[in-house]
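First comes the structure, then the notes that go with it.
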Amino acid sequence: MIKLSDIRKHAERRPGHVAVVDGEVRLTWANLADKVARVATAIEERLPDIRPARAVFVAENRWELVVAMAAVSSLGIPCVGLDYTAGPEATAGALEQLRPTVIISTSDQRAVLTEVGWPEGRDVLDIRLDSDPPKNAPGVAFTDLLLSEPGEPRPVEQPFEAFSFTSGTSGIPKLVIRRASFEARRFADLVDQYSFDEDDVHLVTVPLYHASGPGWARIFLSLGGTIVLGPYDDTAALIGLIQDEGVSTTLMVPPVLKRVVAHPASEHLHKTSRLHFVLSGGRHLNRWVVNNTWDRLGPVLHLYYGTTETGVNVMIGPEELHVAPCRSGRPMPGNTIAVLDPENRPVPKGMRGRVAIASYQLMDAYATAEPEFLDLDYGGRTQRFLLTGDSGFIDEAGRLELTGRNDGVSKAVEGKPLDVNIFGLENDLMDLPCVRETAVLRTKLQDTGEEVLIVPFAPVSPERLESGRRAVAAACARRVPCLPAYVIPVEAIPYSPTGKVRAARLLETVLPLVRAEATARRTDLVPA
């Protein structure tokens with residue numbers, strides 16, 4: 001998050017300009033500077049002596065969290081959030097990797113910390129954002145920190161580190177470590193390319209525990225603009241904020257964007273809003289979302305591709321996205337994309353393989369695993385690539401199209417790239433008028449070892465369930481005839497707040513039905 005020194009510069013130049021909006025709360029730059037100075041001073045006085053100092057938060061988006069993040073950043077303490085919807089196993093695994101010395105939480109999300117035994121008995125500064133700690137219990141209320149006199153907090157003496165967590169939708173999230181900052185370079189590239197400025201108002205719709213949330217908010221705060229904290233799960237409220245707060249830029253994950261452009265209240269936003277830049281990422285977009293976004297919001301949609309480990313690597317703008325909706329875009333400055341065969345050799349354009357990325361934003365290490373780095377002679381020079389978990393191809397125009405995942409529930413045999421276009425099939429299915437949403441999962445049935453496609457889909461209405469099942473099965477047979485497909489109707493596809501399909505949860509729901517159908521198919525094949 002932005003540091004106190006930068007906040008004070010903006011406060012001196014435009015003290016009454018609003019920096020942060022959270023419901024009825026409106027913090028001007030002068031307000032923000034005062035609160036961050038008080039909280040940073042209080043944290044410095046209470047900080048445990050353990051080094052390295054690290055901060056973690058388990059909290060929903062709120063202005064107090066923005067202040068706390070800015071305070072610890074001003075002290076040179078790396079700060080990272082945890083997905084509070086991920087459950088106790090993922091939370092415990094993440095905390096064990098990070099070993100924080102500062103924990104920031106809200107009462108709504110406190111239960112998961114208590115369940116996994118944090119911070120019990122540990123030398124940790126325990127900050128409660130919206131409540132007082134219980135009597136005789138360690139911890140400090142955020143309101144008490146605000147009572148401190150604002151001072152000149154000094155950064156702790158320790159090497160630079162930055163942290164983020166992978167999504168962990170199919171297991172324990174991995175802690176990603178960087179030992180050098182790339183923020184200044186990426187900031188300059190994005191501001192130059194998209195002409196962002198201090199008059200922009202950025203709507204935050206993703207949880208701040210996801211790297212994209214604070215990453216994009218930091219751009220507009222660094223410029224002296226405004227960020228608005230919006231509820232990702234309240235579509236009508238998001239649309240109201242876009243209009244009422246004069247929002248000009250936002251990032252929405254595909255499920256949120258889809259809900260916004262399908263809502264009746266968004267029909268005239270292209271005429272009534274200031275939107276000039278809408279970013280989406282985290283999953284491919286189907287043609288319906290792209291076209292409807294153009295109709296509802298105007299030519300403002302940009303799609304990016306990147307990973308927690310590699311940063312923001314590929315971008316495509318509205319005009320090109322309109323004619324090539326399945327593409328993720330072209331490499332941004334300082335990024336090289338290669339597609340490799342099973343022997344890690346680059347393949348020709350148009351051929352599918354495993355996506356590898358060279359970038360100034362690459363991670364240095366995981367806390368508990370070894371990244372797959374590879375030095376390749378590519379583009380006339382030797383570059384260091386990170387092998388991702390994605391499969392795809394580069395088209396003749398140099399644009400990347402993702403075709404599937406190469407890990408988790410969709411893992412291919414012996415780590416080889418997927419040989420079918422899973423995302424292409426999903427796009428075909430989403431174009432069917434009887435399908436509201438779907439996800440295609442490639443896995444092996446535990447009972448038989450048979451490799452199959454599992455295709456949960458939500459019909460547009462109960463009346464369209466059977467016709468939808470037939471249409472989805474026919475599309476699977478046409479697009480991927482080499483794999484049997486099990487088409488299972490569901491009420492909805494579960495997404496994380498950051499737009500990821502909850503693959504493990506989805507499989508847990510549908511596997512009993514898949515096994516029953518698989519048994520019935522085998523029985524039908526047995527001669528009478």
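From a predicted model like this one, the values you see are computed outputs, not experimental measurements.
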Keeping the roles fixed (side chain from [X], backbone from [Y]), state whether a donor-acceptor pair exists under 3.5 Å.
{"X": "S73", "Y": "K3", "answer": "no"}
{"X": "D34", "Y": "N31", "answer": "no"}
{"X": "R46", "Y": "A42", "answer": "yes"}
{"X": "Q383", "Y": "Y378", "answer": "yes"}
{"X": "H276", "Y": "R274", "answer": "no"}
{"X": "R38", "Y": "S148", "answer": "yes"}
{"X": "H210", "Y": "P497", "answer": "no"}
{"X": "T106", "Y": "L129", "answer": "no"}
{"X": "D132", "Y": "A141", "answer": "no"}
{"X": "T388", "Y": "V355", "answer": "yes"}

TODO: Check side chain to side chain contact (heavy atoms under 4.5 Å, CB included) between H202 and all other residues, then give those that pass, not counting sequence neighbours.
DONE: V204, W216, F220, I227, T249
Which heavy atom of [X] sits nearest a heavy atom of [Y], and at what distance?
{"X": "L229", "Y": "R62", "answer": "CD1-C, 3.5 Å"}
{"X": "A71", "Y": "I43", "answer": "CB-CD1, 4.2 Å"}
{"X": "A40", "Y": "P153", "answer": "CB-CG, 3.7 Å"}
{"X": "D395", "Y": "K349", "answer": "O-CD, 3.5 Å"}
{"X": "R186", "Y": "V312", "answer": "NH1-CG2, 3.5 Å"}
{"X": "P494", "Y": "R505", "answer": "CB-CD, 4.2 Å"}

Is it true that atom [atom1] of [X] has more than 12 heavy atoms of other residues, nucleotides or ligands lying nearer than 6.0 Å?
{"X": "E12", "atom1": "CD", "value": "no"}
{"X": "D375", "atom1": "CG", "value": "yes"}
{"X": "Q158", "atom1": "CD", "value": "yes"}

Are any of the side-chain nitrogens in [X] or [Y] under 4.0 Å away from the carboxylate oxygens of its partner?
{"X": "D126", "Y": "R110", "result": "yes"}
{"X": "R502", "Y": "D83", "result": "yes"}
{"X": "R51", "Y": "E157", "result": "no"}
{"X": "E64", "Y": "K35", "result": "no"}
{"X": "E44", "Y": "R154", "result": "yes"}
{"X": "R178", "Y": "E183", "result": "no"}

TODO: Quick one: do R26 and E245 satisfy side chain to side chain contact (heavy atoms under 4.5 Å, CB included)? Show the steps, please.
DONE: CA-CA 11 Å; R26 309 177 75 81; E245 300 294 342; 3.1 Å; yes
- [ ] Taking the six-membered ring of Y360 (Phe, Tyr or Trp), confirm whether the NZ or CZ of R185 is under 6.0 Å from its centre and within 45° of its axis.
- [x] yes
- [ ] Using the six-membered ring of F373, assess whether NZ or CZ of R384 lies under 6.0 Å from its centre and within 45 degrees of the ring axis.
- [x] yes
Hey, could you give me the [atom1]/[atom2] distance between [X] and [Y], rounded to the nearest 0.5 Å?
{"X": "F385", "Y": "L340", "atom1": "CZ", "atom2": "CG", "value": "7.5 Å"}
{"X": "L387", "Y": "N344", "atom1": "CG", "atom2": "CG", "value": "5.0 Å"}
{"X": "L95", "Y": "R122", "atom1": "CG", "atom2": "CZ", "value": "8.0 Å"}
{"X": "T403", "Y": "I422", "atom1": "OG1", "atom2": "CD1", "value": "8.0 Å"}
{"X": "S273", "Y": "I242", "atom1": "OG", "atom2": "CD1", "value": "6.5 Å"}

Are [X] and [Y] side-chain neighbours, meaning at least one heavy-atom pair lies under 4.5 Å?
{"X": "L301", "Y": "S280", "value": "yes"}
{"X": "P231", "Y": "L241", "value": "yes"}
{"X": "L297", "Y": "V278", "value": "yes"}
{"X": "L279", "Y": "M315", "value": "yes"}
{"X": "S248", "Y": "F277", "value": "no"}
{"X": "Y232", "Y": "V206", "value": "no"}
{"X": "V314", "Y": "R330", "value": "no"}
{"X": "L125", "Y": "T101", "value": "no"}

Task: Intermediate values then yes/no, ring pair (Phe, Tyr, Trp, His ring centres under 6.0 Å), Y209 and Y84 - done: CA-CA 9 Å; Y209 65 71; Y84 45 76; 5.4 Å; yes
Task: Stepwise side chain to side chain donor-acceptor pair (under 3.5 Å) check, T226 with H17 - done: CA-CA 8 Å; T226 303; H17 187 79; 3.3 Å; yes
- [ ] Starting from the C-alpha separation in whole Å, work towards a yes-or-no answer on side chain to side chain contact (heavy atoms under 4.5 Å, CB included) for V66 and N61.
- [x] CA-CA 8 Å; V66 174; N61 292 2; over 6 Å; no
- [ ] Dump the intermediate steps for side chain to side chain contact (heavy atoms under 4.5 Å, CB included) on L386 and M363, then the final yes or no.
- [x] CA-CA 9 Å; L386 179 69; M363 65 181 290; 4.2 Å; yes
Open item on the list: F165 and side-chain contact (heavy atoms from CB on, under 4.5 Å): which single residue from T308, I172, L82 fits?
Closed with: L82
Open item on the list: Could you check whether E309 and Y366, counting side-chain N and O atoms only, form a donor-acceptor pair closer than 3.5 Å?
Closed with: yes
